[in-house]
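Encoded as structure tokens, the structure appears first; notes follow it.
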Amino acid sequence: MPDPPAKPKVALYWCASCGGCEEAVVDLAEGVLSVLNAVDIVFWPVAMDFKRRDVEALADGAIRAALLNGAIRTSEQEEMARLLRRKSQVVVAFGACAQLGGVPSLANQFDREQILDYIYAQSPTVVNDQGARPVSAYREGDRVATLPEFWRTTRALDQVIEVDYYVPGCPPTPKLLGQALATLLSDELPPKGTVLAPDTALCEECPRKDSKPEDLSVKTFKRPHLTPMDAALCFLAQGIVCMGPATRSGCEGLCIQGAMPCTGCFGPTSRVRDQGAKALSALASSVEGKEDREIESALAGIPDPVGTFYRYGLAKSLLRGKVGHLCSDRPESIKTGSMESRL
Amino acid sequence: MSEAREPRIVGFFCSWCTYTAADLAGVSRMKYAPNIRVIRVMCSGRIDPQFVLKAFACGADGVLIGGCHPGDCHYIEGNYKCLRRFRLLTRLLRDLGIEEGRCRLEWISAAEGDKVRTVVNDMAARLRALGPLDAPGRFRDWGKDLEELEHAMAGEGPGESSRAIEPARNE
Ligand code: SF4
Ligand code: FES
């Protein structure tokens, strides 16, 4: 009897991420069984015992689809991304970190040195009397232990390798994952570069959409944890920052249903290059005042524009992080505790 | 790097006022700093903050926004929208390491050719004092990691089918 036709091979890998994207796979619940029936998982370090050499042993292009989550911060992550690129027909940036840099790319507000200094010296919970720092190679006797390099910046996946498709979300919903897998295993692949989610703004599918004023006019922005919130009214109508107008739909308003405003994890629609700038534009222009002072006091409710507007996408924003001289290369900015005050 | 490089300013000028004023400065043969490249827009309210970020990402040292005086916008409210965006954008830029003087908003009416001259001269002088912003240089610096790894990997294994994206790429 001839062998049954081989199932398409699928690989899953994580880079700089929190593990939530892996959770999304598990959240397929019993749906995961039909996935396991349809595909042959050849690499999934979180759940199954495979090693890098197992991937290396495969022929180039042998994997039908590799789903990578997480941003790229270390040499190891980059090497793995390149290896999986070579072995796979299709690479999917899975989740906000792989697609846009995600929360880890907020680290682009700091220099590598600043980060290492904070983690190994300044942080209040650190005890490090010897001032030990990670080194990439450490020799003891005739053995050498190595660590990956910590890159100068955090990158989205497509800033390192070619990416075919994107699945947005922090994390993507099981529904989107299921749809993405079905698409990837079908014979008709969408055009390269497609984000596998609807291409409209979240407001379109928001349960509070009907109360969104056509001509928004905000007296002052209020912070969600400092203000009582109406359970049914559009957040912007209440003066609470909501990223809905500048964020792609597809989550079905999960946060809104949980009584929290959108923070933007699905990234921009295809018509927007820089999600943060777009959100800033939409929100700021809806402020009521005409004088500097009125405007400033209305905008005071947005104390951290980078953290608010680029929470999931600093790496893929136009400037990719802190670029200017006000930065960082100067050690005194660490000593004055500027990092601590931001944490 | 290039300490002597002259600052590059990108101007976004409203067609109804500041752009016309720059024209006026031209026909009046006023001389002003040649550091500015002007892009004409129909109203300062049309200036998307993305334009400003993109200018800096592409190597501008400063961005000058010119609009009609408050109350004079051809589209009634456009310049107020511009002002509100500008206030928040200034703060965003500061947090991204870009000094306040690098992005400037001025109301300049069609009759104020002389103000175009003063503002552009002043801005060029301030930017000279601040020195180059050089965002592309920063992107190149970040990109060195990838080059290093590529060199390290070039010694071993087969050629990479993957392609390192140019670090300065910002479509
Ligand atoms: S702004 Fe937020 S709350 Fe209002 S309709 Fe859009 S997504 Fe819903
Ligand atoms: S028309 Fe000049 S600013 Fe609106």
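Nothing here was measured: the structure is a model prediction, and the numbers come from that model. Throughout, protein chains are lettered first and strands after them, A, B, ... in sequence-line order, and every chain is numbered starting at 1.
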Counting heavy-atom pairs under 4.5 Å to chain B, which of [options] comes out on top?
options: A:G307, A:G276, A:G289; value: A:G289
options: A:N108, A:V272, A:T308, A:T153; value: A:T153
options: A:L283, A:L299, A:I72; value: A:L299
options: A:A282, A:S281, A:A284, A:G321; value: A:S281

task = Taking side-chain contact (heavy atoms from CB on, under 4.5 Å) as the test, write out the residues that go with B:P7, two or more places apart.
result = B:N35, B:D61, B:L127, B:R128

ask   = Does a side-chain N-to-carboxylate-O contact under 4.0 Å join B:E100 and B:R94?
value =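 Salt bridge absent between B:E100 and B:R94.
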
Residues A:K278 and B:D48 bridged, charged N to O under 4.0 Å = yes

ask   = Hey, which residues of residues 12-32 of chain B are touching chain A, say heavy atoms under 4.5 Å apart?
value =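 Checking residues 12-32 of chain B against chain A gives no residue, so none.
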
Looking only at non-hydrogen atoms, find the nearest pair between [X] and [Y] and report the distance.
X: B:R138; Y: A:V323; answer: CD-O, 3.5 Å
X: B:W107; Y: B:P70; answer: CD1-CD, 3.3 Å
X: A:A71; Y: A:C15; answer: O-CB, 3.1 Å
X: A:C242; Y: A:L236; answer: N-CD2, 3.7 Å

A:A279 versus chain B, the contacting section by heavy-atom distance below 4.5 Å = neither

key: Side chain / backbone / both / neither for A:Q275 at chain B, heavy atoms under 4.5 Å   =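 Nothing of A:Q275, per the 4.5 Å heavy-atom cut-off to chain B.
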
query = Take atom CZ in A:R64; do more than 12 heavy atoms of anything else shown fall under 6.0 Å from it?
reply =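 Check passes, neighbour count above 12.
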
query = Looking at B:F139, does the NZ or CZ of A:R320 lie under 6.0 angstrom from its six-membered ring centre and within 45 degrees of the ring axis?
reply = yes

ask   = Step by step, would you call A:K316 with A:D158 a salt bridge (Lys or Arg N to Asp or Glu O under 4.0 Å)?
value = CA-CA 9 Å; A:K316 280 295 275 183; A:D158 69 1; 3.1 Å; yes

task = Please state whether the side chain, the backbone, both or neither of B:Y80 comes within less than 4.5 Å of a heavy atom of chain A.
result =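 Contact with chain A: side chain only.
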
ask   = For B:N79, is it the side chain, the backbone, both or neither that has a heavy atom under 4.5 Å from a heavy atom of chain A?
value = neither

